[in-house]
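Below you'll find the structure, written out as structure tokens, and then a few comments.
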There are 2 protein chains.
Amino acid sequence: MDRRIRKSQEAIIEAFIQLIAEKNFEQITINEIAERANVSRGTVYSHYTDKYDLLDQCIRTHFVKLIDSCLPCGEQALFPTEAALHYTFRYLDEHASFYAAALANQGVPAFRNRLQAVLIRGFDKQMDMGGINKMMDKGILVQFLAVAMTGMIEQLVTRATPYSATELSGQLWALMERNQMVPPSAPLSISTKLF
Amino acid sequence: MDRRIRKSQEAIIEAFIQLIAEKNFEQITINEIAERANVSRGTVYSHYTDKYDLLDQCIRTHFVKLIDSCLPCGEQALFPTEAALHYTFRYLDEHASFYAAALANQGVPAFRNRLQAVLIRGFDKQMDMGGINKMMDKGILVQFLAVAMTGMIEQLVTRATPYSATELSGQLWALMERNQMVPPSAPLSISTKLF
DNA sequence: CAGATTCTGTACAATACTGAACACATTCCG
DNA sequence: CGGAATGTGTTCAGTATTGTACAGAATCTG
């Protein structure tokens, strides 16, 4: 992609995220965004049809980062290690103002739904239905955990919890393990056990 | 000026200053600068004929800032107040790495000369040759003070002095006063004395 | 030494950005 | 109410930047 496009888009998104952290989405104007991004107004329109499109793509961009932070080991699993979960929560904590806005603004419930969908898909792959889960319905269990995780994330980014990102992720890791939400064992874990 | 020009130049100069703070001027390549500035190599050449031109314009840019910091009250005087001198020294302290490089690199003695020239011109205007200076040669006195100031600035930015910017500027202000290097009295200072 | 690599400076067509203008909608305010 | 101000979305010609290519200089390296 042309370097100019990359630079402009980054500047616009950065400006937009700054603004959304400062004021309500509806009050933000294209003029403000262009000014803050140090870009011509026409440039904004050349990339995004309007504010809502910008917000949408912005969420998408953040989502990529968020998902990446859940999947540090290639494409293997959501939160393959406790450290990975910690990292994700710290990332969310740092960008809380954006995520809070994305979650809070009515008209953007899409965000919560997308996050849940990703988590449900990921958890479904990793759930161990043996042991204490033998008598459970997998769909319900997965949904239960995904909704819980989404809710806790919402608590974190909206500052609705007194607990820190670290405390939360630590506790949540324990709860995931308790429910046998284990990441698929890596190939080398077997050979590791042999020695 | 076209916004693109401003943005590119700022990025290039910023990148260059970063690099000069990290390594020797001669080791810096145009490629590095372009890469760091996130700009095409051709763009660098469209604004600056080569590294040396870039350094030159860079010094010029910094010089404008530096002079501005000496002249906070319009165009009246160099260091019209002790606070102004303090501000200048703090500014120098913050950008020490750049100024150190500009002063240190042989091939750039121009910098020291320019600084001295500015100071000499400014001091010459402000020198009070009455009182203890009655028997002195003005040219020598002015040059003496300008060279001293330049030297002290060099000491500061090259970290060749254990004293802080604040300590130095405080002492230097006293020395300037002692030598009757007073800023031209503002019109209202007379009326101030009347009350 | 020769070959490989990197840097330099220049040229160019393709392209993204610019600022200005425009008609229209919305909001603000006396 | 009415008009002043501000925002929207579009168009457009002009311009700065882009990536690429090139030849020659400089530097590295076996």
Side-chain angles (χ1 to χ4, degrees), chain A residues 1-61 64 98 101-102 105-108 110, chain B residues 1-61 64 98 101-102 105-108 110:
Chain A
M1 198 197 295
D2 194 301
R3 173 183 265 139
R4 286 168 290 186
I5 297 179
R6 252 184 297 128
K7 280 197 287 188
S8 294
Q9 287 191 349
E10 281 168 15
I12 290 166
I13 287 188
E14 171 62 26
F16 179 63
I17 289 176
Q18 272 183 32
L19 285 167
I20 224 177
E22 291 172 19
K23 56 164 75 174
N24 195 283
F25 172 69
E26 290 304 332
Q27 307 175 30
I28 298 172
T29 72
I30 300 284
N31 285 328
E32 262 178 316
I33 296 166
E35 193 184 349
R36 178 90 58 120
N38 197 20
V39 141
S40 181
R41 205 160 58 86
T43 304
V44 178
Y45 281 111
S46 75
H47 293 297
Y48 311 96
T49 62
D50 54 23
K51 263 202 312 191
Y52 305 92
D53 182 39
L54 173 53
L55 174 61
D56 192 63
Q57 298 203 36
C58 214
I59 288 176
R60 212 177 298 278
T61 302
V64 172
F98 171 77
N105 271 304
Q106 73 289 30
V108 202
Chain B
M1 198 196 296
D2 193 301
R3 172 183 267 141
R4 286 168 291 185
I5 297 180
R6 251 184 298 128
K7 280 198 288 188
S8 294
Q9 287 191 348
E10 281 168 14
I12 291 166
I13 288 188
E14 171 63 26
F16 180 63
I17 290 176
Q18 272 182 32
L19 285 167
I20 224 178
E22 291 171 19
K23 56 164 75 175
N24 195 283
F25 172 69
E26 291 304 332
Q27 307 175 28
I28 298 172
T29 71
I30 300 283
N31 284 328
E32 264 179 315
I33 296 166
E35 193 185 349
R36 177 91 58 120
N38 197 19
V39 141
S40 181
R41 204 161 57 87
T43 303
V44 178
Y45 281 112
S46 76
H47 293 297
Y48 312 97
T49 63
D50 53 23
K51 262 203 311 192
Y52 304 92
D53 182 40
L54 173 53
L55 175 62
D56 192 64
Q57 298 202 37
C58 214
I59 288 176
R60 212 178 298 279
T61 301
V64 171
F98 171 77
N105 271 305
Q106 72 290 30
V108 202

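Every heavy atom of this structure was used, including side-chain atoms; hydrogens, water molecules and symmetry mates were not. Reminder, nothing fancy here: chain letters follow the sequence lines and each chain counts from 1.
- Applying the side-chain hydrogen bond (donor to acceptor under 3.5 Å, both in side chains) test to E35(A) and every residue at least two apart in sequence or in another chain returns nothing.
- Side-chain atoms of S40(B) never come within 3.5 Å of backbone atoms of T43(B) as a donor-acceptor pair (strictly under, hydrogens ignored).
- Here NZ of K23(B) is found 7.0 Å from CD1 of I28(B). Values are rounded to the nearest 0.5 Å.
- Rounded to whole angstrom, the span from the CE atom of M1(A) across to the P atom of dT15(C) amounts to 15 Å.
- The minimum heavy-atom distance between C58(A) and I17(A), with the atom names listed, is SG-CG1, 3.8 Å.
- On a pure distance criterion of 3.5 Å, a polar donor-acceptor pair joins the side chain of R4(B) and the base of dC17(C).
- In the region residues 27-43 of chain B, proximity to DNA chain C at under 4.0 angstrom, judged on heavy atoms, holds for T29(B), I30(B), N31(B), R41(B).
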Worksheet item: Would E32(B) and R36(B) count as a side chain to side chain contact (heavy atoms under 4.5 Å, CB included) if you check the C-alpha gap in whole Å, the side-chain angles of each, and the deciding distance to 0.1 Å?
Response: CA-CA 6 Å; E32(B) 264 179 315; R36(B) 177 91 58 120; 5.7 Å; no
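- K51(A) contributes a side-chain N or O that, together with a main-chain N or O of E26(A), makes up a donor-acceptor pair within less than 3.5 Å.
- In this structure, the CD1 atom of I5(A) is 7 Å from the C1' atom of dA16(C), given to the nearest Å.
- Contact between the side-chain N/O atoms of K7(A) and the OP1/OP2 oxygens of dC17(C) is not found at any separation under 4.0 Å.
- Proximity of residues 44-54 of chain A to DNA chain D (heavy atom under 4.0 angstrom from any strand atom) is restricted to Y45(A), D50(A).
- H47(B) has its side chain within reach of I5(B): a pair of non-hydrogen atoms, C-beta onward, lies under 4.5 Å apart.
- Atoms CD and CD1, on Q57(A) and I12(A) in that order, are 10.0 Å from each other to the nearest 0.5 Å.
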